Amino acid sequence: CLALPDRPPSPVNVTVTQLKANSATVSWDVPEGDVVIGYAILQQRQDGQMQRFIREVNTTNRACVLWDLAEDADYIIQVQSIGLYGESQASKRVHFRTLKETDRLPSNSSNQGDITMEGLDKDRQLQTGEIIIIVAVLLMWAAVIALFCRQYDIIKDNDSNNNKEKTKPSSEHSTPERPSGGLLRSKKKSPSVNIIEV
């Protein structure tokens, strides 16, 4: 009985918001005056097929996102506060049902459907903007690659032209070498002329 005062009180005002087909957000309040260092959430499907225990310490968060939920399924959650000396009693059981995937589509059935539709329109606009940016970047890269290839072909053509021009002078130089060879022969003859002069 002495250990009970050291345990924090149970969370209050446990609510589920931002309901979607595969996720939801649970939030709660903690009565003031007690040191709370974390929380624990027991999440289970009402049909008993799945149960998950989420525990986090060293945090002052009063909300948690429940992920990987099944669509159009009933869930029950309970939240506990974690104190320095133990965990509180579980909060009251809170029941919620996830949406169907089709519930995300525009519907005029309720105001919530309109809110969901507005959120989806924003998401679609963001996705469209991202796609446009990606396509623009891809086109820019394609243009850069095309320009590079054209420049490379021009450089390659210039190099081949330069090589042809280089080979032509070498052939031109080769033809004067024959007369130079003739000059060398004449030089051989010229010493004999010099010898005659001496």
Side-chain angles (χ1 to χ4, degrees), residues 1-138 140-141:
C1 293
L2 295 175
L4 289 176
D6 294 332
R7 297 174 68 180
S10 301
V12 294
N13 300 327
V14 178
T15 55
V16 177
T17 58
Q18 298 180 11
L19 266 175
K20 298 181 180 177
N22 303 114
S23 66
T25 299
V26 57
S27 60
W28 61 90
D29 293 326
V30 175
E32 295 182 2
D34 288 282
V35 178
V36 175
I37 61 170
Y39 61 84
I41 299 174
L42 177 62
Q43 166 199 319
Q44 59 184 3
R45 279 181 62 166
Q46 199 163 7
D47 57 13
Q49 290 184 2
M50 188 204 75
Q51 183 171 329
R52 177 184 291 155
F53 188 74
I54 303 168
R55 179 187 172 94
E56 187 171 343
V57 294
N58 298 328
T59 180
T60 57
N61 286 341
R62 300 290 180 262
C64 177
V65 177
L66 307 176
W67 70 98
D68 199 24
L69 303 177
E71 67 170 308
D72 194 25
D74 291 302
Y75 286 90
I76 297 169
I77 56 167
Q78 288 181 288
V79 184
Q80 291 174 281
S81 296
I82 301 175
L84 294 172
Y85 302 103
E87 299 174 355
S88 72
Q89 293 291 329
S91 67
K92 293 180 180 179
R93 292 157 62 99
V94 175
H95 169 270
F96 69 94
R97 186 179 183 86
T98 54
L99 302 178
K100 296 179 181 178
E101 287 289 345
T102 54
D103 290 344
R104 292 186 176 186
L105 298 175
S107 64
N108 297 325
S109 59
S110 67
N111 292 333
Q112 289 182 352
D114 295 336
I115 293 169
T116 307
M117 182 175 63
E118 289 175 8
L120 284 170
D121 286 342
K122 290 179 183 177
D123 291 342
R124 285 174 185 164
Q125 287 175 2
L126 287 174
Q127 289 176 355
T128 305
E130 290 172 0
I131 290 171
I132 290 171
I133 291 171
I134 291 170
V135 170
V137 170
L138 290 175
M140 287 175 61
W141 273 107

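Side chains included, hydrogens not; waters and symmetry mates left out as well; all remaining heavy atoms used. This is a predicted model, so every value here is computed, not measured. Along the sequence shown, residues are numbered consecutively beginning with 1.
Taking all atoms of both residues into account, the shortest heavy-atom contact from M50 to Q43 is CE-NE2, 3.1 Å. The two atoms that bring S81 and P8 nearest to each other are O-CG, 3.6 Å, heavy atoms only.
Summarising the geometry, atom OH belonging to Y75 is positioned 15.0 Å from atom CZ belonging to R93; distances are rounded to the nearest 0.5 Å.
Under the side chain to side chain donor-acceptor pair (under 3.5 Å) criterion, D47 pairs with R45, not counting sequence neighbours. With sequence neighbours left out, the side chain to side chain donor-acceptor pair (under 3.5 Å) criterion links D74 to H95, R97. Residues passing the side chain to side chain contact (heavy atoms under 4.5 Å, CB included) test with N13 are D29, sequence neighbours excluded. Q51 pairs by the side chain to side chain contact (heavy atoms under 4.5 Å, CB included) definition with L42, Q44, not counting sequence neighbours. With sequence neighbours left out, the side chain to side chain contact (heavy atoms under 4.5 Å, CB included) criterion links A24 to V16, L19, L69, F96. For S10, the side chain to side chain contact (heavy atoms under 4.5 Å, CB included) partners are S88, Q89, not counting sequence neighbours.
The backbone N or O of D72 lies less than 3.5 Å from a partner atom in the side chain of T98, making a donor-acceptor pair. The closest donor-acceptor contact from the side chain of Q80 to the backbone of A40 lies at 3.5 Å or more, if one exists at all. With hydrogens and angles ignored, the 3.5 Å screen pairs no side-chain donor or acceptor of S91 with any backbone N or O of P11.
The list of ring pair (Phe, Tyr, Trp, His ring centres under 6.0 Å) pairs with a residue in residues 28-47, not counting sequence neighbours, reads W28-Y39.
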Distance-only criterion, 3.5 Å: show the donor-acceptor pairs between side-chain atoms of residues 61-68 and protein atoms not counting sequence neighbours.
from: N61; atom 1: ND2; to: T59; atom 2: OG1; distance (Å): 3.3
from: R62; atom 1: NH1; to: T60; atom 2: O; distance (Å): 3.1

Could you please spell out the steps behind the side-chain contact (heavy atoms from CB on, under 4.5 Å) verdict for E56 and I82? CA-CA 9 Å; E56 187 171 343; I82 301 175; over 6 Å; no
Give the intermediate values and the outcome of side-chain contact (heavy atoms from CB on, under 4.5 Å) for residues T15 and V94. CA-CA 7 Å; T15 55; V94 175; over 6 Å; no
